[in-house]
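Computed over heavy atoms, backbone and side chain alike; hydrogens, waters and symmetry mates excluded. In what follows, every chain begins at residue 1, and chains take the letters A, B, ... in the order their sequences are listed.
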Protein chains: 2
Amino acid sequence: MKDSLRRFKAEIFQGLAHPTRIAIVEALRIGELPAGRLIDQLELEQANASQHLSVLRAKKIVVNRKVGNQVFYSLRDPVLIDVLDILRRYFSSQLTDTVNMLEEMGPEETARKSATPPKMRRKAGRRARNTTGRT
Amino acid sequence: MKDSLRRFKAEIFQGLAHPTRIAIVEALRIGELPAGRLIDQLELEQANASQHLSVLRAKKIVVNRKVGNQVFYSLRDPVLIDVLDILRRYFSSQLTDTVNMLEEMGPEETARKSATPPKMRRKAGRRARNTTGRT
DNA sequence: TGAAAATATTCTTCAATTCGAATATGCTTG
DNA sequence: CAAGCATATTCGAATTGAAGAATATTTTCA
């Protein structure tokens, strides 16, 4: 069913939904690395790193290989790097938008959550019907 | 800094880390749709859908446009569709691997293994030698 | 054998998500 | 204005996720 595919994708996203785990994936971009290397390269606590690695393993995002004392990790599929790269592009476009918006609304309101944009007061704003700035 | 980019990516992933939200994004692949259309196309509860839409808005994954009574949603950037498509490929490769593994271990064990999917104590830890199908 | 290195797991605590139900808001129309 | 649609928000409960500390396991080496 379509639904299991969606659940699968959701699991992958969930696996990637943490900065530390993203850092790990990015670090593995160049190839396989032992856990210890990841730990001090990314300055993680050992236990914490191991937990995150465990998540990545559970979601099948990384695979590991034991060599003597240590455990080498690598990406299960380099396609994930493509995904991260795509998001980098996405990031800069979003950044541009955000900067513009921040400039428009000044520092006080800036801290608010963004679910509903600052409720445009319809007194001075005007700007025609398409206020959403869509592409 | 690198770190805010990672946090950003993590947020996006988090935004996509739910089957319903993925379904929504996929439904928007063809273009903009009013919330109500999403709701009955995907058979969601109104409140629940609205919550998920709120998450997608907060993460800037969708944008909305109000037209009279209703609110039209659309993807903020079609690049996200690319991401989902990539994951579809990823999914089938992963699926292939699983099937191969099942075939390799024969029907009796297969039955036993699949009779025990309820995540037992250990998560995914054991997996000693190179079960890694790396390149 | 025993100590040390590398990694994993468990426990506790706290924060964040998710859901359904109820309610609120905004628009349109009679 | 009141009624009614379309959508959003809030609340409480249940579930899940994260961090740090402590402990366990496996492997190597003297």
Just to verify, which of A/Val25, A/Val55, A/Leu44, A/Leu42 counts as forming a side-chain contact (heavy atoms from CB on, under 4.5 Å) with A/Thr20? A/Leu44
In this structure, how many angstroms lie between the C1' atom of C/dT9 and the CD atom of A/Gln51, rounded? 8 Å
Just do the side chain to side chain contact (heavy atoms under 4.5 Å, CB included) check on B/Leu16 and B/Arg21 with the steps written out, would you? CA-CA 6 Å; B/Leu16 294 171; B/Arg21 294 198 290 269; 5.7 Å; no
Between B/Leu42 (CG) and D/dT7 (P), how many Å, whole number? 13 Å
Over all strands shown, is A/Phe72 touching base, sugar-phosphate only, or nothing at heavy-atom distances under 4.0 angstrom? nothing
Between D/dG17 atom P and A/Lys59 atom NZ, what is the distance in whole Å? 6 Å
Indicate if A/Leu87 and B/Tyr90 have the same hydrophobic cluster label, given that clusters are the connected sets of ILVMFWY residues with side-chain heavy-atom separations under 4.5 angstrom. yes
Counting side-chain heavy atoms from CB outward, which of C/dT7, D/dT7, D/dG20 is closest to B/Tyr73? D/dT7
Lys/Arg-Asp/Glu bridge criterion (N-O < 4.0 Å) met for B/Glu26, A/Arg6: yes
Using a heavy-atom cut-off of under 4.0 Å over every strand shown, decide if A/Gln14 touches base, sugar-phosphate, or nothing. sugar-phosphate
Can you tell me if B/Asn48 touches the phosphate of C/dG20, counting only side-chain N or O atoms and a distance under 4.0 Å to OP1 or OP2? yes
Please report the distance, rounded to the nearest Å, between CG in A/Asp40 and P in C/dA5. 14 Å
Any side-chain N or O of B/Arg57 below 4.0 angstrom from OP1/OP2 of D/dT9? yes
How many Å lie between NZ on B/Lys66 and P on C/dT25, as a whole number? 12 Å
Side-chain contact check for B/Asn69: nearest option of C/dG26, C/dA8, D/dT7 is C/dG26
B/Gln70, nearest nucleotide to its side chain (from D/dT7, C/dT18, C/dT7): D/dT7
Over how many whole Å does the gap from B/Leu53 atom CG to C/dC19 atom C1' extend? 15 Å
Please determine if a side-chain N or O atom of A/His52 lies less than 4.0 Å away from the OP1 or OP2 oxygen of D/dG17. no
Output the rounded distance in Å from CG (A/Asn64) to C1' (C/dA6). 13 Å
B/Tyr73 versus B/Leu28, closest heavy-atom pair with distance: O-CD2, 3.5 Å
Report yes if at least one side-chain N or O of B/His18 is closer than 4.0 Å to OP1 or OP2 of C/dC19; otherwise report no. yes
In terms of the nearest nucleotide of DNA chain D, which residue is placed more toward the 5' end: B/Ala35 or A/Ala17? B/Ala35
Would you kindly check whether a donor in the side chain of A/Gln46 faces an acceptor in the base of C/dA8, or vice versa, at under 3.5 angstrom? yes
Between A/Gly68 and A/Glu45, which residue's closest nucleotide on DNA chain D lies nearer the 5′ terminus? A/Glu45
Rounded to the nearest Å, what distance is computed from the CD1 atom of residue B/Ile39 to the P atom of nucleotide D/dA6? 10 Å
For a quick test of reading the model: is some side-chain N or O of B/Arg37 closer than 4.0 Å to OP1 or OP2 of D/dA6? no
Carboxylate-amine/guanidinium proximity below 4.0 Å for A/Arg89 and A/Asp85: no
